[in-house]
Amino acid sequence: MPATASRLQVFTESVIRGMSRLATRHGAINLAQGFPDFDPPEPVLAALERATRGPFHQYAVTWGAPRFREALARKISLRTGLEVDPERHLVVTCGSTEAMMVAMMTACNPGDRVIVFSPFYENYAADAILSGAEPIYVPLRAPDFRYDPAELARAFAQKPKAIIVCNPSNPTGKVFTRAELTEILALAEQHDAFVITDEPYEHIVYPPHEHVYAAALPGAMARTITCNSLSKTYSITGWRLGYVHAAPEVIAQARKVHDFLTVGAAAPLQEAAVAGLELPESYYEELLASYTAKRDVFLGFLRQTGLEFTEPQGAYYVLVNIEGLGFDTDSVAAEWMIREIGVAGVPGSSFFRDPEHRFIRFHFAKKEETLRAAGERLLRLREFAGKPEAVAESRRRLSL
Ligand code: GLN
């Protein structure tokens with residue numbers, strides 16, 4: 001049999017999706033892969049029902065159904081204050097996952113360098129490799145996950161073609177400040193690099209933090225490629241709807257990449273999602289209130305476990321420090337957590353550039369009852385934290 005491509009030897013399958021499968025196998029509550037267990041808003045579901053009987057069963061326009069792109073342009077314009085022309089500024093993609101791949105392939109030549117903050121959402125390293133680019137990592141350090149401006153400047157001195165900014169950040173929950181984004185943009189301008197942002201959690205930002213759209217900063221539009229998704233905002237992760245928003249010259253190229261990668265996103269789902277894009281402001285207020293309540297419930301349980309954890313400024317992920325459980329590697333700890341405690345998380349190491357085994361990432365995009373059930377289970381960590389014999393005994397029992 002011929003050998004498969006060598007670029008595939010340097011990264012693994014997604015650990016996040018793998019943990020979801022392991023959770024299912026062992027019947028654990030899945031707080032690993034970040035997706036809701038509650039329904040999308042009612043108007044979106046009603047629109048989906050209507051769409052099934054409409055003329056939406058063949059290909060939509062490759063860069064997005066006109067009605068969807070128009071609604072998207074109105075929403076983005078309202079949020080950012082930018083003029084958004086649905087014909088020139090947008091490409092609709094299959095989730096932000098495709099949007100990021102399109103952005104990378106549009107911006108980078110093989111061999112170009114791309115700055116990635118570490119920890120990072122695991123797709124970015126794979127996106128870089130698949131597009132032939134080489135990631136340069138700049139650490140975000142706990143507890144507040146700020147970058148060191150000198151380190152960032154040194155990374156830019158290596159002449160990268162782009163920097164990837166996940167804002168709000170998965171997995172740290174960091175929300176980049178206006179000052180930080182301004183600084184990143186100034187460096188990008190100085191070194192003529194693109195700023196590729198990934199912003200699916202734009203509406204899940206806990207006050208006093210606020211979401212700043214990099215593209216809307218003065219002069220930023222020419223070099224900012226914004227990737228985004230409807231998955232988290234409308235609780236439709238399975239619909240795979242996302243988009244790239246950028247300057248017309250960039251979009252003209254991005255359309256080609258998207259066209260040959262996927263042709264287009266699902267036509268009936270684009271039609272139905274218009275109902276989401278047209279929801280009133282109160283929807284976003286309720287979404288945030290609901291995630292704030294979920295965060296408070298989940299963090300309340302974590303506090304009782306006595307373990308340390310990050311308090312997210314935005315998005316719905318928490319990195320829990322599991323050093324007290326005494327595992328050498330976080331992947332064994334995560335499997336133990338599934339089998340002994342009954343709650344699935346993602347081993348933190350899959351988000352870090354350097355070997356880092358102190359964290360497991362949990363998410364709280366779940367109904368309160370699910371979070372309470374998971375929280376009750378997590379309280380059992382008190383039987384194990386700082387008690388190596390109890391952990392050893394459990395591992396023997398589980399042959400782990
Ligand atoms: N963004 C979510 C996470 O980080 C889900 C990612 C995915 O599986 N596409 O868990």
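Whatever order the structure lists them in is the order used to number ligands and atoms, beginning at 1.
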Task: Gln304 CD: over 12 foreign heavy atoms closer than 6.0 Å - done: yes
Task: Short side-chain donor-acceptor distance under 3.5 Å, Tyr137 and Tyr124 - done: no
- [ ] Could you tell me whether Phe309 and Tyr317 have their ring centroids closer than 6.0 angstrom?
- [x] no
Task: Ring centers of Tyr291, Tyr316 separated by less than 6.0 Å - done: yes
Could a heavy atom of [X] be found less than 4.0 Å from some atom of ligand 1?
{"X": "Glu122", "answer": "no"}
{"X": "His363", "answer": "no"}
{"X": "Tyr317", "answer": "yes"}

Task: Nitrogen or oxygen atoms of Gly34 and ligand 1 under 3.5 Å apart - done: yes
Interfacing atoms of ligand 1 (cut-off 4.0 Å, heavy-atom, [X]):
{"X": "Tyr201", "result": "1 (N)"}
{"X": "Asn170", "result": "1 (N), 3 (C), 4 (O)"}
{"X": "Arg17", "result": "6 (C), 7 (C), 8 (O), 9 (N)"}

Task: Straight-line distance of Phe11 CZ to Glu122 CD, nearest 0.5 Å - done: 11.0 Å
Open item on the list: Looking at Lys387 and Glu389, is any side-chain nitrogen of the basic one under 4.0 Å from a carboxylate oxygen of the acidic one?
Closed with: no
Open item on the list: Hydrophobic clusters here meaning ILVMFWY residues chained together by side-chain heavy-atom distances under 4.5 Å, can you tell me if Met19 and Phe35 are in one?
Closed with: no
- [ ] Give the residue, atom name and distance (to 0.1 Å) of the protein heavy atom nearest atom 8 (O) of ligand 1.
- [x] Gln33 NE2, 2.6 Å
TODO: Just need the protein heavy atom nearest to atom 1 (N) of ligand 1, so name the residue and atom and give the distance.
DONE: Lys232 NZ, 3.1 Å
Task: Among Tyr316, Tyr121, Phe35, closest by any non-hydrogen atom to atom 9 (N) of ligand 1 - done: Tyr121
- [ ] Identify the residue among Tyr283, Tyr213, Tyr284, Tyr234 that makes a ring pair (Phe, Tyr, Trp, His ring centres under 6.0 Å) with His203.
- [x] Tyr284
- [ ] Report the part of Arg361 in contact with ligand 1, treating N, CA, C, O as backbone and CB onward as side chain, heavy atoms under 4.0 Å; options are side chain, backbone, both, neither.
- [x] side chain
